[in-house]
Amino acid sequence: MGQFFARWLAQLETTFVEKQRYLLLVDGLKNTLIITAGALVIGVVIGSLVAMIKYCGQDSRLLRPLCWLCSVYTTVIRGVPVVVQLLIFYFLILKSSDGLVVGIVTFGINSGAYVAELVRSGIAAVDPGQMEAGRSLGLSRLQSAWHIVLPQAMKNILPAIGNEMIALLKETAVAGYVAVQDLTRAGNLIRNNTYDSFNPLMLVAVVYLVLVIGMTQLLGLLERRLRRSDKR
């Protein structure tokens with residue numbers, strides 16, 4: 001057993017320490033977190049706008065064309081695999097852009113379609129009387145939705161957006177298709193250079209697992225605080 005661990009430690013040194021290959025993982029982790037954070041911001045902004053347009057466009061002739069476009073957007077984005085979207089943006093739409101930018105934009109637009117449905121369902125869970133109260137005060141449907149309904153819906157939306165962030169983190173593992181050195185690609189580069197498949201890939205898996213567990217714990221803390229605020 002002692003000889004096994006000695007050989008394993010020697011292999012770890014050869015795989016990660018030699019030629020400072022561990023720095024590839026550090027840079028890959030940084031890029032993964034940048035893509036996740038940037039895409040989540042874009043996704044929340046796009047998703048909120050799309051959800052508000054679809055919600056308010058039900059009774060507005062002016063917004064019906066935009067509502068139709070939003071429905072097409074969510075249908076197409078949710079129906080096309082994210083890898084295909086990534087390749088389309090990299091080779092056809094953002095051909096001169098850096099792979100990191102392409103990753104942020106692509107995952108952001110992809111996430112926006114899912115966030116839109118989360119926001120829409122959160123708004124639908126609010127008592128319809130809240131909208132009627134806003135309209136009785138002279139507010140338009142859009143103003144009532146923005147100032148009255150949406151703030152109340154945030155308690156239903158925030159935990160779901162947290163889950164979307166976790167899913168988004170794992171989806172970024174395919175960013176290597178567009179020459180982005182994310183965490184997964186960094187592990188694969190080390191594997192190719194050292195012919196050691198076990199250690200790099202297992203370390204990448206452990207890092208993803210730790211990140212997801214950490215996010216899950218933070219999400220659970222947020223949900224408990226929201227529940228306590230509801231009881232007050």
Side-chain angles (χ1 to χ4, degrees), residues 1-45 81-112 114 161-222:
M1 184 65 70
Q3 292 180 351
F4 170 79
F5 280 108
R7 287 196 300 270
W8 181 55
L9 291 175
Q11 183 62 60
L12 289 178
E13 182 178 0
T14 302
T15 302
F16 297 112
V17 180
E18 187 177 295
K19 296 184 179 179
Q20 296 184 324
R21 295 190 183 95
Y22 67 90
L23 294 178
L24 293 174
L25 293 173
V26 174
D27 290 338
L29 176 60
K30 180 187 69 175
N31 290 335
T32 292
L33 295 177
I34 289 174
I35 293 174
T36 302
L40 184 66
V41 172
I42 294 175
V44 169
V45 171
V82 67
V83 175
V84 178
Q85 296 174 32
L86 199 61
L87 295 175
I88 289 174
F89 272 90
Y90 186 70
F91 290 108
L92 300 179
I93 300 177
L94 300 175
K95 292 187 289 185
S96 59
S97 300
D98 180 74
L100 191 64
V101 175
V102 173
I104 293 174
V105 172
T106 304
F107 286 112
I109 292 175
N110 179 268
S111 178
Y114 293 93
I161 290 180
N163 288 325
E164 171 63 19
M165 180 176 64
I166 293 174
L168 187 59
L169 172 69
K170 293 185 288 185
E171 286 178 355
T172 59
V174 299
Y177 276 90
V178 293
V180 176
Q181 186 178 300
D182 67 315
L183 182 59
T184 302
R185 182 175 174 83
N188 201 38
L189 288 174
I190 295 175
R191 180 187 64 82
N192 290 336
N193 291 329
T194 61
Y195 301 102
D196 177 10
S197 300
F198 179 81
N199 291 308
L201 296 182
M202 289 304 297
L203 181 57
V204 168
V206 169
V207 172
Y208 274 116
L209 181 61
V210 170
L211 290 174
V212 170
I213 291 175
M215 290 181 179
T216 303
Q217 293 296 322
L218 291 176
L219 183 59
L221 179 62
L222 173 62

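Residues satisfying the side chain to side chain donor-acceptor pair (under 3.5 Å) test with Asn31, not counting sequence neighbours, are none. Every side chain to side chain donor-acceptor pair (under 3.5 Å) that Asn188 has, sequence neighbours left out, goes to Arg191.
At least one side-chain heavy atom of Leu203 sits under 4.5 Å from a side-chain heavy atom of Leu25. Residues Phe107 and Leu86 are in side-chain contact: their nearest non-hydrogen atoms beyond the backbone lie under 4.5 Å apart. In this structure, the side chains of Ile35 and Leu100 come closer than 4.5 Å at one or more pairs of heavy atoms.
Remark: Gln217 CD to Leu221 CG distance equals 9.0 Å, nearest 0.5 Å. Of the inter-residue distances, the one linking Lys19 atom NZ with Leu24 atom CG reads 11.5 Å to the nearest 0.5 angstrom. Rounding to the nearest 0.5 angstrom, the gap separating the CG atom in Leu219 from the CD1 atom in Ile166 is 5.5 Å. Atom CG of residue Asp27 and atom CG of residue Leu183 lie 11.0 Å apart, to the nearest 0.5 angstrom. In this structure, CG in Leu29 is found 10.0 Å from CD1 in Ile34, a value given to the nearest 0.5 Å. A distance of 12.0 Å separates CG of Leu218 from CD1 of Ile213, quoted to the nearest 0.5 Å.
When all heavy atoms are compared, the tightest approach of Ala179 to Tyr90 is CB-OH, 4.0 Å. Contact between Leu168 and Ala39 at its shortest, heavy atoms only, is CD2-CB, 3.7 Å. Across all their heavy atoms, Pro200 and Ile190 have their closest contact at CG-CG2, 3.8 Å. The two residues Val105 and Phe89 make their nearest non-hydrogen contact at CG1-CE2, 4.2 Å.
Between the side chains of Asn199 and Thr15, no donor-acceptor pair of N or O atoms lies under 3.5 Å.
Across Asn163, Val210, Leu169, a single residue satisfies side chain to side chain contact (heavy atoms under 4.5 Å, CB included) together with Met215, and that is Leu169.
Between the side chain of Arg21 and the backbone N or O of Leu189 there is no donor-acceptor pair closer than 3.5 Å. Thr106 places a side-chain N or O within 3.5 Å of a backbone atom of Val102 that can act as its donor or acceptor partner.
Applying the side chain to side chain donor-acceptor pair (under 3.5 Å) test to every pair with at least one member in residues 165-186, sequence neighbours left out, gives these pairs: Thr184-Tyr208.
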